[in-house]
> 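This structure is in structure tokens; I'll ask about it shortly.
Just so you know, these numbers use all the heavy atoms, side chains as well, and skip hydrogens, waters and symmetry mates. Treat the numbers as computed from the prediction; the structure is a model and nothing was measured. Naming: A, B, ... by sequence-line order, numbering from 1 per chain.
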Amino acid sequence: MADEDDDIILSELDDEELVQQMHDDLYDGLKDEIEEAVGILLERGWTPYEVLTQALVSGMTIVGNDFRDGILFVPEVLLAANAMKAGMSILKPLLAETGAPRMGKMVIGTVKGDIHDIGKNLVAMMMEGAGFEIVDLGINNPVETYLEAIEREGADILGMSALLTTTMPYMKVVIDTMKEQGLRDKYIVLVGGAPLNEEFGRAIGADAYCRDAAVAVETAKSLIARRHNQTV
Amino acid sequence: MTAPAPLRLLACGALAREVLALIAANGWSHMALRCLPADLHLRPERIPAAVARAVAEIRAETPAAQIFVLYADCGTGGQLQRTCAELGVEMLDGPHCYAFFDGNAAFADRAEGEFDAFYLTDFLTRHFDAFVWRAMGLDRHPELRDMMFGHYRRLIYLAQTEDPALDRQAEAAAQRLGLAYERRFTGYGDLAAALAAKG
Ligand code: B12
């Protein structure tokens with residue numbers, strides 16, 4: 001990919017230009033450049049949390065929006081996610097040390113019968129970027145796995161993903177089982193996946209349906225805040 | 001005997017060949033086919049509006065036209081069904097074409113055991129490069145293979161026709177994806193039955 005970007009020397013850019021360049025590099029899935037730029041911002045005294053939110057999360061939000069609008073397709077989203085992941089793995093150990101805000105804990109997984117996990121992984125990453133602790137159950141999760149995990153982990157949020165019309169009804173099985181076992185009100189339940197919509201989320205008794213990862217972060221934050229207000 | 005009333009078929013482009021084959025084989029001369037681009041398959045949220053537009057166009061040309069929408073849900077999460085109901089047109093049953101070629105009931109029965117399978121149809125076998133390999137970026141970024149197909153174990157070619165050349169192509173596709181290969185002859189499955197009901 002020889003273009004004029006090759007000539008840009010990241011360390012010579014000022015902060016604002018560098019963040020802009022990181023947004024572009026994330027968009028283009030350039031992992032090495034992202035790693036380098038994360039290092040530069042840290043050296044300049046940015047906190048890990050600032051690098052994460054202002055450079056990585058905001059850049060990934062642009063990618064998410066352009067996917068929604070049909071400008072980017074799945075492989076580009078995956079490459080961008082890989083680049084962001086590389087940056088995050090530098091920041092992660094530092095975040096804990098520097099007292100970045102802790103938002104809560106989310107258990108997330110794709111429902112039984114479904115192997116689609118790109119969207120779920122993206123949500124997990126963006127939630128992590130926003131300060132949530134994530135327990136990722138992977139794909140093909142039966143109700144027992146979800147319930148065992150939220151209890152074991154003392155989670156605040158259960159997130160379920162489905163991309164198939166045939167697997168989305170399984171979310172209701174999970175929520176109904178939570179109700180039967182008296183667990184439903186202990187947790188915030190978020191659901192997502194391309195074939196779902198708000199009406200479906202309501203019908204199955206989820207707290208919210210989220211159309212994309214950015215909305216998931218905002219929704220999770222506001223539902224957690226609402227809960228705190230109720231319990232205090 | 002009166003001739004059956006004209007029927008306009010509005011189909012996913014991925015079904016064109018199969019629908020035309022069924023029309024020819026059964027002499028259903030009262031059926032006329034119109035297709036929407038097959039690549040809507042990768043952007044299912046756009047299918048309901050595209051169908052609604054095409055139905056409006058057909059009705060503008062032929063106000064009394066009987067229209068049959070040859071799409072399954074295709075990942076619209078029930079939205080296409082709602083759109084068709086509002087428009088007063090029928091559509092196919094089932095979640096997607098893999099299911100209705102296999103037979104929706106049989107597909108549902110097998111689903112659990114075939115959880116780790118990636119399906120090809122005749123269409124997807126012919127257009128594997130455009131609709132899978134390139135669409136998923138594997139031509140430009142082979143390193144995405146594991147993120148895309150890492151959880152899959154086998155590729156099942158659901159064959160609509162007996163065609164050794166396609167069989168070989170499907171097997172080659174499996175090999176490129178690093179998946180075990182199986183072939184199952186389905187014929188036209190529930191698509192044939194749904195059209196025959198209008199014959
Ligand atoms: C990529 C893809 C694949 C990849 C999956 C790779 C992977 N590792 O996940 C491959 C090619 C392997 C694949 C396989 C299959 N697929 Co597929 N696939 C898609 C495609 C094109 C994009 C999905 C995607 O990754 N989007 C990108 C991400 C970023 O978006 P997203 O998943 O929607 O996630 C966002 C939001 O929904 C939300 N979100 C998602 N999850 C969650 C969870 C929570 C808690 C929250 C809050 C938010 C949230 O946030 C995410 C980020 O912004 C869709 C079509 C489409 N455009 O949706 C078909 C699609 C989903 N697949 C489909 C089908 C049929 C299949 C197969 C059966 C096909 C086959 N030939 O065998 C198999 C499935 C096997 C199985 N058992 O699961 C159909 C489903 C039809 C239906 N009626 O349900 C679709 C709609 C395509 C179609 N029209 O036919 N697929």
Side-chain angles (χ1 to χ4, degrees), chain A residues 1 28-31 67-83 85-86 109-122 125 138-142 162-171 191-201 203-204 209 211-212, chain B residues 39-48 71-82 93-100 102 104 107-119 131-154 179:
Chain A
M1 245 180 278
D28 294 334
L30 303 176
K31 185 166 157 269
F67 174 72
R68 183 197 59 211
D69 296 341
I71 299 163
L72 294 179
F73 198 53
V74 178
E76 290 78 27
V77 174
L78 266 181
L79 291 167
N82 281 348
K85 216 178 191 167
T110 302
V111 299
K112 188 171 146 192
D114 207 324
I115 319 197
H116 292 90
D117 63 358
I118 297 172
K120 183 263 300 165
N121 293 343
L122 203 60
M125 193 170 76
I139 54 162
N140 194 27
N141 288 287
L163 266 289
L164 296 168
T165 334
T166 46
T167 57
M168 51 192 256
Y170 194 75
M171 294 176 167
V191 296
L196 281 63
N197 58 34
E198 224 160 304
E199 193 187 328
F200 175 81
I204 63 169
Y209 151 80
R211 124 175 91 79
D212 61 30
Chain B
D39 54 12
L40 283 173
H41 153 95
L42 293 170
R43 288 283 184 183
E45 72 278 9
R46 295 180 184 170
I47 295 172
Y71 268 95
D73 176 75
C74 201
T76 64
Q79 188 52 51
L80 185 57
Q81 183 64 64
R82 285 188 286 278
D93 286 331
H96 41 59
C97 57
Y98 316 101
F100 68 62
D102 207 8
N104 285 319
F107 185 89
D109 286 345
R110 276 194 272 260
E112 201 141 340
E114 293 187 353
F115 155 74
D116 58 357
F118 182 70
Y119 299 105
F131 279 79
V132 182
W133 198 255
R134 284 203 300 277
M136 296 303 139
L138 297 173
D139 55 334
R140 290 149 282 155
H141 300 285
E143 75 275 15
L144 295 180
R145 188 267 167 206
D146 285 355
M147 292 178 85
M148 285 285 179
F149 287 94
H151 294 297
Y152 291 82
R153 295 289 161 267
R154 50 196 170 138
L179 302 174

> Can you see which heavy atom on Pro75(A) is nearest to which on Leu144(B), and at what distance?
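Closest approach of Pro75(A) to Leu144(B), heavy atoms only: CB-CD1, 3.8 Å.
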
> Is the positively charged end of Arg140(B) above the ring of Phe73(A), judged by distance under 6.0 angstrom from the centroid and angle within 45° of the axis?
no

> Please look at Asn82(A) and chain B and tell me whether the side chain, the backbone, both or neither of the residue comes under 4.5 angstrom of a heavy atom of that chain.
side chain

> Salt bridge (Lys or Arg N to Asp or Glu O under 4.0 Å) with Arg153(B): which residues, sequence neighbours excluded?
none

> Can you give me the closest heavy-atom contact between Arg43(B) and Leu72(A), atom names plus distance?
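That closest heavy-atom pairing would be NH2-O, 2.9 Å.
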
> Please classify the contact of Glu143(B) with chain A as side chain, backbone, both or neither, using a heavy-atom distance under 4.5 Å.
side chain

> What are the two closest heavy atoms between Asp116(B) and Ile115(A), and how far apart are they?
CA-CD1, 3.9 Å

> CD/Gln79(B) to OG1/Thr165(A) distance, rounded to the nearest 0.5 angstrom?
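So the CD of Gln79(B) and the OG1 of Thr165(A) are separated by 12.0 Å.
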
> Would you find more than 12 non-hydrogen atoms of other residues, nucleotides or ligands less than 6.0 Å from Asn197(A) atom CG?
yes

> Name the member of Glu114(B), Glu112(B), Glu45(B) that forms the most heavy-atom pairs with chain A at distances under 4.5 Å.
Glu112(B)

> Looking at Thr166(A), Leu164(A), Leu78(A), which makes the most heavy-atom pairs under 4.5 Å with chain B?
Leu78(A)

> So which residue, Ala194(A), Gly29(A), Gly70(A), ends up with the most heavy-atom pairs under 4.5 Å with chain B?
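Looking at each of Ala194(A), Gly29(A), Gly70(A) in turn, Gly70(A) comes out on top.
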
> Between NE2 of His151(B) and CG of Asp114(A), what distance do you get to the nearest 0.5 Å?
11.0 Å

> Could you go step by step and tell me if Met148(B) and Ile118(A) meet the side-chain contact (heavy atoms from CB on, under 4.5 Å) rule?
CA-CA 8 Å; Met148(B) 285 285 179; Ile118(A) 297 172; 4.1 Å; yes

> Does any backbone or side-chain atom of Leu42(B) lie under 4.5 Å from a heavy atom of chain A? Answer side chain, backbone, both or neither.
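Looking at Leu42(B), backbone and side chain both touch chain A.
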
> Counting only non-hydrogen atoms closer than 4.5 Å, does Leu196(A) touch chain B with its backbone (N, CA, C, O), its side chain (CB onward), both, or neither?
neither

> Do Ile139(A) and Phe115(B) pass the side-chain contact (heavy atoms from CB on, under 4.5 Å) test, and can you show the C-alpha distance, the side-chain angles, and the key distance before you say yes or no?
CA-CA 11 Å; Ile139(A) 54 162; Phe115(B) 155 74; 3.9 Å; yes

